[in-house]
Novice: 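Please read through the structure below; I'll follow up with questions.
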Amino acid sequence: MCPIMSSESRPRAQVCLPRPQGGWWRLAPGDQGLLLPAPGPSSAVGRGRLDIKGWPSHRQGEGEGVEGSPCGLGHLTIEVSAQKPRVLQGDNAPQSPYQRLSRRMLDISGDRGVLKDVIREGAGELVTPDAAVLVKYSGYLEHMDKPFASNCFRKTPRLMKLGEDITLWGMELGLLSMRRGELARFLFKPTYAYGTLGCPPLIPPNTTVLFEIELLDFLDSAESDKFCAFSAEQQDQFPLQKVLKVAATEREFGNYLFRQNRFYDAKVRYKQALLLLRRRSAAPEEQHLVEAAKLLVLLNLSFTYLKLERPTTALHYGEQALIIDRKNAKALFRCGQACLLMTEYQKARDFLVRAQKEQPFNHDINNELKKLASYYRDYTDKEKEMCHRMFAPYDNGSTVGEN
């Protein structure tokens, strides 16, 4: 599907130069030297300097717009003849803004089909070929202020799989050259973008496009998927660090799905990570690494089941986390939340008081204790009212008999 264009191209200005014998020569920015004779005598010859407002004569700063936007004041020295009008000299007149921008960009495709300019450096490893990426992007046509395609308006960008969800070849090559946190600008020639046909009426034929891309994060799902397909015996042949890395990847996928409120899908990823860690035996000196990884997954599962409104299961995973670390404030807090939803107020109070002891100034724990006090007060009030209604008729009956 072609992206939606959100703004119109800039209007092209036309400049007229008077001819000595009458009539005019017309010149429009972007004509790259072509002068069109207006009606009038054709024997004129002239030469002079012409100041043209709107001719691209300077480069804007990175924060103002695309380099070379035609909004400056430039000049051309031109020669006019009856036979062959031509431009002799100009301030960047023969080249378009994208052509000037490409001069200082790095060629990452080998044929200058994909050019890159790093705006902000990233850190860590390069994106792997089978990764799922989390990016913000905006695409621009030349001489346009607003993007024709962008996902920056979304609160949480969608996770995209390389080779499946990304259709522009140039964008995929660009992403493979990026690191986490990097912000870069790319120029994609038609071969690496929308081809010779373009995408009418939004993208003209043979169009070079500019994309600004920010790589927020990426996850190498191919390695995880391949590892999970092995049997338990085959997985045991791999070193422990490999298992921990795959389990961490599964948990990160779960975290991403959780942030998108896809709690059921997040639960599946967390349980897969927990399964990998549980069936892996480790040497005594490495067991603490497995326990630390399991603790994180158990806490995630407890919180996820609270979101799924299944407090009994949330309490189960919270108590398993307490077996690993009995003073873990987050595990105590999750257990307290689960007991509160189950209306087991005394157990909820015990867990929350223990959590408060570990973190006395934690606002979430203190607020949950206030909520518990309010719920318990309402519960006792309702219980008193129910008892009063149960025994009120007997009291009234005995009073009538005595009278």
Side-chain angles (χ1 to χ4, degrees), residues 123-125 128 131-132 134 180-181 217-259 263 265-308 310-311 313-339 351-352 354-362 364-365 368:
E125 300 176 351
T128 53
L134 193 64
R180 285 184 180 89
D217 200 1
F218 71 90
L219 300 170
D220 187 0
S221 60
E223 182 182 22
S224 176
D225 295 339
K226 184 178 179 180
F227 184 85
C228 293
F230 293 139
S231 65
E233 292 76 14
Q234 291 173 318
Q235 291 177 5
D236 287 338
Q237 304 302 318
F238 290 89
L240 178 61
Q241 292 300 325
K242 175 74 170 182
V243 179
L244 294 175
K245 181 180 179 181
V246 172
T249 300
E250 290 293 311
R251 190 175 69 85
E252 289 171 2
F253 264 106
N255 292 343
Y256 171 76
L257 296 167
F258 186 95
R259 288 191 294 268
F263 303 122
D265 295 331
K267 175 205 69 174
V268 173
R269 289 288 188 173
Y270 291 144
K271 294 186 79 171
Q272 178 64 43
L274 185 60
L275 177 63
L276 292 173
L277 295 170
R278 276 180 170 172
R279 69 186 185 188
R280 176 56 190 252
S281 57
E285 62 273 13
E286 295 180 323
Q287 187 62 34
H288 69 283
L289 298 175
V290 178
E291 296 298 310
K294 283 167 61 176
L295 178 61
L296 294 175
V297 177
L298 290 168
L299 292 172
N300 290 145
L301 276 168
S302 181
F303 195 19
T304 303
Y305 276 105
L306 285 174
K307 291 293 186 179
L308 292 170
R310 295 174 60 181
T313 310
L315 177 61
H316 169 71
Y317 284 114
E319 289 176 333
Q320 288 191 13
L322 289 173
I323 294 174
I324 299 174
D325 182 4
R326 64 186 182 87
K327 291 186 177 182
N328 187 281
K330 187 172 289 188
L332 292 166
F333 178 59
R334 299 297 178 219
C335 290
Q337 286 180 303
C339 291
F351 281 121
L352 292 174
R354 289 170 59 190
Q356 188 185 50
K357 184 179 179 181
E358 300 300 326
Q359 296 185 5
F361 303 106
N362 187 299
D364 292 332
I365 296 173
E368 199 72 13

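These numbers come from the heavy atoms of this one structure, side chains and all, not from hydrogens, waters or symmetry mates. Numbers here simply count residues along the sequence, with the first being 1.
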Novice: Can you tell me how far CZ of Phe258 sits from CD of Glu252, rounded to the nearest 0.5 angstrom?
Specialist: 16.0 Å
Novice: Can you find a heavy atom in the side chain of Gln235 that is under 4.5 Å from one in the side chain of Val243?
Specialist: no
Novice: Over all heavy atoms of both residues, which pair between Cys335 and Gly318 is shortest? Give the atoms and the distance, please.
Specialist: SG-C, 3.5 Å
Novice: Taking atom CG of Asn328 and atom CD1 of Ile323, what is their separation to the nearest 0.5 Å?
Specialist: 13.0 Å
Novice: List the residues meeting side chain to side chain donor-acceptor pair (under 3.5 Å) with Glu250, not counting sequence neighbours, and say none if there are none.
Specialist: Ser224, Arg269
Novice: Closest approach of Leu277 and Leu244, non-hydrogen atoms and distance?
Specialist: CD2-CD2, 3.9 Å
Novice: Answer yes or no: does atom NZ of Lys330 have more than 12 heavy-atom neighbours from other residues, nucleotides or ligands under 6.0 Å?
Specialist: no
Novice: To the nearest 0.5 Å, tell me how far Tyr256 OH sits from Leu134 CG.
Specialist: 5.5 Å
Novice: Phe253: which residues meet the ring-ring contact (aromatic ring centres under 6.0 Å, His included) condition with it, sequence neighbours left out?
Specialist: none
Novice: For the residue pair Phe351 and Phe333, establish whether any side-chain heavy-atom pair is separated by less than 4.5 Å.
Specialist: no
Novice: Decide if atom CD of Glu125 counts as having more than 12 heavy atoms of other residues, nucleotides or ligands within a radius under 6.0 Å.
Specialist: no
Novice: When you compare the side chain of Leu289 with that of Gln241, does any pair of heavy atoms fall below 4.5 Å?
Specialist: yes
Novice: Return the orientation label for the Phe227 and Phe238 ring planes: parallel under 30°, perpendicular over 60°, tilted otherwise.
Specialist: perpendicular
Novice: Starting at CG of Leu276, measure out to CZ of Arg278 and round the result to the nearest 0.5 Å.
Specialist: 12.0 Å
Novice: Where do Ala329 and Ala355 come nearest, in terms of heavy atoms and distance?
Specialist: O-CB, 3.9 Å
Novice: Which atom pair, heavy atoms only, marks the closest approach of Leu352 to Glu368?
Specialist: CD1-CG, 3.8 Å
Novice: For residues 293-307, dump all side-chain donor-acceptor pairs below 3.5 Å to protein atoms at least two apart in sequence or in another chain.
Specialist:
{"unit_1": "Ser302", "atom_1": "OG", "unit_2": "Ala314", "atom_2": "O", "d": "2.9"}
{"unit_1": "Thr304", "atom_1": "OG1", "unit_2": "Asn300", "atom_2": "O", "d": "2.7"}

Novice: Could you tell me the separation between the CG atom of Leu240 and the CD atom of Gln287, rounded to the nearest 0.5 Å?
Specialist: 8.5 Å
Novice: How many angstroms lie between atom CD of Glu233 and atom CZ of Arg279, to the nearest 0.5 angstrom?
Specialist: 8.5 Å
Novice: Is there a donor-acceptor pair under 3.5 Å between the side chain of Tyr270 and the backbone N or O of Asn255?
Specialist: yes
